[in-house]
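Shown next, in structure tokens, is the structure this report addresses.
Residue numbers start from 1 in every chain, and the chains themselves are labelled A, B, ... in the order their sequence lines are given, proteins ahead of strands.
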Amino acid sequence: MSYRPGVIERKWQAKWDADQLYRSKIDHSKKKFYALTMLPYPSGDLHIGHWYAMTPSDARARFMRMKGFNVLFPMGFDAFGLPAENAAIKSGIHPMARTRDNIVRMRGQLRSMGAMFDWEREMVSCEPEYYRWTEWFFIQLYKHGLAYRKKSPVDFCPNCNTTLAREQVWGDDRHCERCETPVIKKDLEQWFFKTTQYADELLRFDGIDWPQTVKTLQTNWIDRSEGASVIFKTETGRHDVEIFTTRPDTLWGATFMVFSPEHPLVDEITTPENKAAVDEYKVQAARQSDIQRGAVDKEKTGVFTGGYAFNPVNGARIPIWIADYVLMSYGTGAIMAVPAHDERDFAFARKYDLPIIPVILPEGQSEAVVGETAYIGPGVMVNSGILDGTKVNTEKGRKNPSIARVIDWLQEKGFGKESVNYRYRDWLISRQRYWGSPIPMVNCAIHGWNPVPEDQLPVTLPEDVEWKPTGESPLKLHPTWKHTTCPICGGPAERETDTMDTFMCSSWYHLRYLSPKFDKGPFDEEEYNYWMPVDTYTGGIEHATMHLLYTRFFHKALRDMGITEGHEPMTQLRNQGMVLGEDNEKMSKSRGNVIAPDVLVDKYGADAVRAYIMFFARWEMGAPWDSQGIEGAVRWVRRAWTLFTDPSAPGTASEETRRNLRRKVHQTLKRVTRDFENFDFNTIVSSLMELLNEMYKAREAGAVGSEEWEEAQEIYVKMMAPVTPHIAEELWTERFGKPYSIHTQAWPPVDEAAARDDFVEIPVQINGKVRDRVRVAAEASEEEITSAVMASEVIQKHLEGKTPKKVIVVKGKLVSLVV
RNA sequence: GCCGAAGUGGCGGAAUAGGCAGACGCGCACGACUCAAAAUCGUGUUCCCUCCGGGAAUGAGGGUUCGAUUCCCUCCUUCGGCACCA
């Protein structure tokens, strides 16, 4: 009987559905396992990349289920976002209609994968029953002081017509993460989440098993630096100036100060005679883009303000300059300049002929002199009052004795204090677009901004909007939507017309899966207590500093409000790589190298596609697609079908054949079990291919009908089940007549005794070169192995009568002779 | 510039703890079956040489070791992140 994947797959998918085989319910008698894979955006077409991300995750969830865990493996849609809205502007089709259509289509495509998704738990982020709680979370963050409104220069994508979070601006040319258009700066009042409040905690990854690369990316993104903040008094101005420095020990070498052109005190300290030059420089700096300003090799420029400050440590009167190499967005926007020991300050001092005072005497030198570059290395402090003679090393913060000493002294004198600075910023969540969750805030002329009362949630998006390519949000243009009443006084007020960043929706979707229809809160606590945290989370690494950082922040903020428990939402994280086109390039419609999974499923069946996806690359690395390569997986599935459906007559195999078969089966089971645990999906399939080849040989040798053969068949199909669920079910239930369903069977235990080798072939090296192999009992002692080696004619020939100086015997592995 | 990942046959990749490099698969070659083709099955397939034997080889060079794809050092290439961050 020939293998017809289409028929088998449709049949079992329908039956599993009807029987609710993948329905996951709380069961306190079992250990829970929450397996989560990143949810797709409903673009309308499931990409091979989705298969690559989801199939191995599904296979592993299935494996965990067979291992006895009560597994939750949900699926949903990250359904807000720009593509649907842009399509609406082009075609006039409402994003909601389009998104719902796309979801119907993609649900069908996802079902064709044969994954064990529990569809009863599906969530869709653009449905009011979901975004009601996204809004509710916004209000909780607002009430706890973690959401605030601020005017500041923000990144704006002129193509997407919206502001972006810093995390969504990528690359050297500072382009939009979605559409690759370079961003521009705009001064706007926007909503932010206080992610920086959790900066320190987000740097800790205690107790979570996440890839080092993700931890490193997040750590670099937050970029903590230790130092001190120091107060400088100004001569001309009425205010003191605070600066941040990582090198407070070099304070005695500070010979001038530099302010960012945008620094609020610039006008106050600028003297009348310098005003014109300062104003001109400010205008010029404002005109330049961040990219131009940020160019590392750009020559430093600046102008003198005419103002002076006093160095608190020695009272020195030092000039204040403005220069665009000091950024308003980092630290306090003002620095002390120590040209002798900072390359940037050195270049600036040389250009404008400012004094340079060395305060570190390099080791091995007798005199501190001004060289051709700034000196950054270790040594001893000089010209530095109380610090003179203190050792300087290259450590940061208090690990450096000179820094530790000066910080204590500054604090004692009240000049400054120990301080930590981050590059990390608060998360800008306002988007000037329609297709997102409304920000549930109302602005009243008298009472300012206030949240919409929680019993009035959700604030729903109006449906009767006009799609105009003006770049203005339809919410803003809608004639009535924004008009409402103030929750405090009942007077006329206006709604916020910006919507939330869709990363807000995805920061908590894993919680909605717990109880997607629950209407008394974002999730049912009983479900939370049983299922959370997520045990394994899988997805692409591109989200390292976006979604994965946001969702950690979100969980911690909720924890502090008493809404969630534990410190981290996802215990284990694994990243899959990317499937490239056959031309080794990123798949894209414009390149014409897109592989459509639907076509493959029609041609080969879902099982073969699943098998190939797991087989063809190391999961975390990814690889280019190979249309011919898939044939290997197709052949494997067909060969398995043929072997297990061919009613070959029972034979009479030797005991050795049967023993060898059983050994191979249990060795394979051991490997496959280990590889599932380690996410080594490619070797799972290759081990199964290898065993199948052995089983064909065993059949030739007459093993069919034996007890060992029966066991081999059963274990084999169970091992196939997570990889190729349909054919495994068909073989198990229909061919072997075993009780439905294979997917509720227990994963077979490894018989270690059966897996053990009786005999091993040990290579024998002479001076590092393999000269012969000897066959010995696996348990042979060193003496037995040695005598077997010495009995070898080949070895004797190579020894040429000499006695080895050294004999190294690694039991069961190798013998090495040194002559 | 700083940080990280990777580099193994024609290709994707394997090698668990420092112990037979190239499992498994693709492709290719030859053979069987066939009138023929496809499918299927079988055999072979890292490179080199004086080919029943021997030598070289895991980006390059060095080191540690009886033994290195694996550990250490220097360098090269590719990819990713950060970057006038005080």
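- The distance between atom CD of Glu585(A) and atom P of U78(B), rounded to the nearest whole Å, is 15 Å.
- Residue contacts for Arg699(A): at a heavy-atom cut-off of 4.0 Å it reaches no nucleic acid atom on any strand shown.
- Here Ser225(A) reaches the OP1 or OP2 of A86(B): one of its side-chain N or O atoms lies under 4.0 Å away.
- Listed by residue number, Met689(A), Glu690(A), Asn693(A) are the residues of residues 688-697 of chain A with a heavy-atom contact under 4.0 Å to RNA chain B.
- A side-chain donor-acceptor contact under 3.5 Å links Asn400(A) to the backbone of Asn393(A).
- Taking atom P in both C47(B) and G81(B), the straight-line distance is 38 Å, to the nearest Å.
- An anti base is found at G80(B): its glycosidic angle is more than 90° from 0.
- No engagement by Glu343(A) is indicated, since no non-hydrogen atom pair under 4.0 Å with the nucleic acid exists.
- A distance of about 28 Å separates the C1' atoms of U50(B) and U58(B), rounded to the whole Å.
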So which protein N/O to nucleotides 45-53 of chain B N/O distances come out below 3.5 Å?
none

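- Partners of Glu752(A) under the salt bridge (charged side-chain N to carboxylate O under 4.0 Å, His left out) rule, at least two apart in sequence or in another chain, are Lys670(A).
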Practice task
Dump the intermediate steps for side chain to side chain donor-acceptor pair (under 3.5 Å) on Gln218(A) and Arg552(A), then the final yes or no.
Solution key: CA-CA 11 Å; Gln218(A) 293 196 349; Arg552(A) 289 181 69 216; 2.7 Å; yes
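- Residue Arg771(A) is classed as a sugar-phosphate contact, given heavy-atom separations below 4.0 Å to backbone atoms only.
- Taking the salt bridge (charged side-chain N to carboxylate O under 4.0 Å, His left out) definition, one finds that Arg574(A) meets it with Asp209(A), sequence neighbours left out.
- A distance of about 30 Å separates the P atoms of C11(B) and G63(B), rounded to the whole Å.
- One finds no side-chain N or O of Arg638(A) lying less than 4.0 angstrom from the OP1 or OP2 phosphate oxygen of A39(B).
- Base pairing of G27(B): its partner is U45(B), meeting the Watson-Crick or G-U wobble criterion (both donor-acceptor distances under 3.5 Å).
- Not one side-chain nitrogen or oxygen of Arg635(A) sits closer than 4.0 Å to the OP1 or OP2 atom of G25(B).
- Put simply, NE2 on His341(A) is 15 Å from C1' on A86(B), counting in whole angstrom units.
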Let me check something: any side-chain donor-acceptor pairs from residues 627-634 of chain A under 3.5 Å, sequence neighbours excluded? List them with distances.
unit_1: Ser627(A); atom_1: OG; unit_2: Glu582(A); atom_2: OE1; d: 3.4
unit_1: Ser627(A); atom_1: OG; unit_2: Glu582(A); atom_2: OE2; d: 2.6
unit_1: Glu631(A); atom_1: OE2; unit_2: Tyr604(A); atom_2: OH; d: 3.3

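- Taking a cutoff of 4.0 Å between a charged side-chain nitrogen and a carboxylate oxygen, Arg166(A) and Asp155(A) do not qualify as a salt bridge.
- Distance Asn682(A) CG to A14(B) C1': 8 Å, rounded to the nearest Å.
- Rounded to a whole Å, the CZ atom of Phe615(A) is 10 Å from the P atom of A14(B).
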Distances under 3.5 Å only, N/O to N/O: pair up the protein atoms with those of nucleotides 3-7 of chain B.
none

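- With both ends at atom C1', the span from G10(B) to U45(B) equals 11 Å, rounded to whole Å.
- Residue contacts shown for Asp223(A) are limited to sugar-phosphate atoms, with no base heavy atom under 4.0 Å away.
- To the nearest 0.5 Å, atoms OG (Ser686(A)) and CG (Leu691(A)) are separated by 12.0 Å.
- Within the cation-pi definition used here (under 6.0 Å to the ring centroid, within 45° of the axis), Lys300(A) does not qualify as a partner of Phe348(A).
- In this structure, Arg423(A) does not reach the C2(B) phosphate: none of its side-chain N or O atoms is under 4.0 Å from OP1 or OP2.
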Return a table of donor-acceptor pairs under 3.5 angstrom between the side chains of residues 247-255 of chain A and protein atoms on other chains or two or more places apart.
unit_1: Arg247(A); atom_1: NE; unit_2: Asp249(A); atom_2: OD1; d: 3.1
unit_1: Arg247(A); atom_1: NH2; unit_2: Asp249(A); atom_2: OD2; d: 3.0
unit_1: Asp249(A); atom_1: OD2; unit_2: Ser402(A); atom_2: OG; d: 2.7
unit_1: Thr250(A); atom_1: OG1; unit_2: Arg247(A); atom_2: O; d: 2.8
unit_1: Thr255(A); atom_1: OG1; unit_2: Pro355(A); atom_2: O; d: 2.7

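- A gap of 7 Å separates the C1' atoms of C76(B) and G59(B), to the nearest Å.
- Distance noted for atom C1' between G27(B) and G4(B): 35 Å (whole Å).
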Which pairs, protein N/O on one side and nucleotides 61-68 of chain B N/O on the other, fall under 3.5 Å?
unit_1: C66(B); atom_1: OP1; unit_2: Lys806(A); atom_2: NZ; d: 3.0
unit_1: C66(B); atom_1: O2; unit_2: Ser816(A); atom_2: OG; d: 2.7

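- Heavy atoms only, all atoms of each residue included: Val723(A) and Met614(A) are closest at CG1-SD, 3.8 Å.
- The interatomic distance linking Tyr3(A) (OH) with A39(B) (C1') rounds to 17 Å, in whole Å.
- Contacts of Lys797(A) classified as salt bridge (charged side-chain N to carboxylate O under 4.0 Å, His left out), with partners at least two apart in sequence or in another chain: none.
- Rounded to an integer number of Å, the gap from CZ of Arg344(A) to C1' of A83(B) is 11 Å.
- Geometrically, Arg60(A) does not engage Phe681(A) in a cation-pi contact, judged by NZ or CZ lying under 6.0 Å from the ring centre and within 45° of the ring axis.
- For residues 612-623 of chain A, every residue pair satisfying the salt bridge (charged side-chain N to carboxylate O under 4.0 Å, His left out) rule, not counting sequence neighbours, is listed here: Arg618(A)-Glu620(A).
- Contacts classified as side-chain hydrogen bond (donor to acceptor under 3.5 Å, both in side chains) and involving residues 689-698 of chain A (residues at least two apart or in different chains) are given here: Arg639(A)-Asn693(A), Lys664(A)-Glu690(A).
- Nucleic acid contact for Thr332(A): none, since no nucleic acid atom lies under 4.0 Å from a heavy atom of the residue.
- For the C1' atoms, the distance from A86(B) to A6(B) is 34 Å, rounded to whole Å.
- In this structure, Trp636(A) reaches neither bases nor backbone, as no heavy-atom distance under 4.0 Å exists between it and the strands shown.
- Put simply, Arg671(A) has no side-chain N or O that comes within less than 4.0 Å of OP1 or OP2 on A23(B).
- Glycosidic conformation of C66(B) is anti; the angle lies outside 90° of 0.
- If you check every strand for non-hydrogen atoms under 4.0 Å, Gly622(A) touches sugar and phosphate atoms only.
- The residue Lys769(A) sits close only to the backbone: its heavy atoms come under 4.0 Å of sugar-phosphate atoms, none of a base.
- Counting to the nearest Å, the P atom of G25(B) and the OH atom of Tyr604(A) are 17 Å from each other.
- Cation-pi geometry between Arg638(A) and Tyr3(A) is not met: the NZ or CZ atom fails to fall both under 6.0 Å from the ring centre and inside 45° of the normal.
- Contact annotation: the side chain of Phe616(A) approaches that of Tyr52(A) to within less than 4.5 Å [non-hydrogen atoms, C-beta and beyond].
- Taking atom C1' in both A21(B) and A56(B), one finds a spacing of 13 Å when rounded to whole Å.
- Residues satisfying the salt bridge (charged side-chain N to carboxylate O under 4.0 Å, His left out) criterion with Asp345(A), sequence neighbours excluded, are absent altogether.
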